[in-house]
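The first residue in the sequence is number 1, and the count goes up from there. Owing to the predicted nature of the structure, the values given are computational and were not obtained by experimental measurement. These values consider heavy atoms only, across backbone and side chains, with no hydrogens, waters or symmetry-generated copies.
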Amino acid sequence: MHQNPPPPRPHRMPARRAVFYTRGDWAVVPLSDRTLRECIHDLRWRLEEMLADGPSALVVDVSGLTRLSSPTIAALLWAKRRCTARRVRVMLSQPDQAMVDLLHRAGLDDVLEIQPPRDSALGKATR
């Protein structure tokens, strides 16, 4: 009696640790659509570790995001509160114009320091 082998099980990729790094005295958190879940989780438990080194700013590079979800915004606001308590600036770096517009409509452009969008900065440089 010949049995067919069971169908292959889907291969699950192991969770990738988010990559945080320092640039000068800034702590940098790059976010992308692909790594967002891990980055947000790591941000929550590693923020104290990053702040222990005494950075002057936490820079969240959002150039790899196509949208800001509610959990992402909640995590950014949580990080902002933690950093403000330690007198550390929080900056969003390289948002696109749609993201800047969304943050403005939500009133978050007054809460989070937003660096100019890439396309806006490029437009000014080529004029």
Taking side chain to side chain donor-acceptor pair (under 3.5 Å) as the test, write out the residues that go with [X], two or more places apart.
{"X": "W78", "value": "none"}
{"X": "R89", "value": "E113"}
{"X": "S93", "value": "none"}

State the [atom1]-[atom2] distance between [X] and [Y], to the nearest 0.5 angstrom.
{"X": "L47", "Y": "R81", "atom1": "CG", "atom2": "CZ", "value": "11.5 Å"}
{"X": "L58", "Y": "R82", "atom1": "CG", "atom2": "CZ", "value": "12.5 Å"}
{"X": "R46", "Y": "F20", "atom1": "CZ", "atom2": "CZ", "value": "5.5 Å"}
{"X": "L103", "Y": "I114", "atom1": "CG", "atom2": "CD1", "value": "4.5 Å"}
{"X": "K80", "Y": "L92", "atom1": "NZ", "atom2": "CG", "value": "10.0 Å"}

**Fill in**
Residues passing the salt bridge (charged side-chain N to carboxylate O under 4.0 Å, His left out) test with R86, sequence neighbours excluded, are E48
**Asked** Hey, which of M91, R23, Q115 is the one that makes side chain to side chain contact (heavy atoms under 4.5 Å, CB included) with V59?
**Response** M91
**Asked** By side chain to side chain contact (heavy atoms under 4.5 Å, CB included), which residues pair with T22, not counting sequence neighbours?
**Response** none
**Listed partners of D33 passing side chain to side chain contact (heavy atoms under 4.5 Å, CB included), at least two apart** = L65, T66
**Request:** Could you pull out the closest heavy-atom pair between P95 and V100, with the gap in Å?
**Result:** CG-CG2, 3.6 Å
**Message:** Measuring only between side-chain heavy atoms, which start at C-beta, is L77 closer than 4.5 Å to L108?
**Reply:** yes
**Asked** Distance-only, no hydrogens or angles: does the D53 side chain make a donor-acceptor pair with backbone N or O of P55 under 3.5 Å?
**Response** no
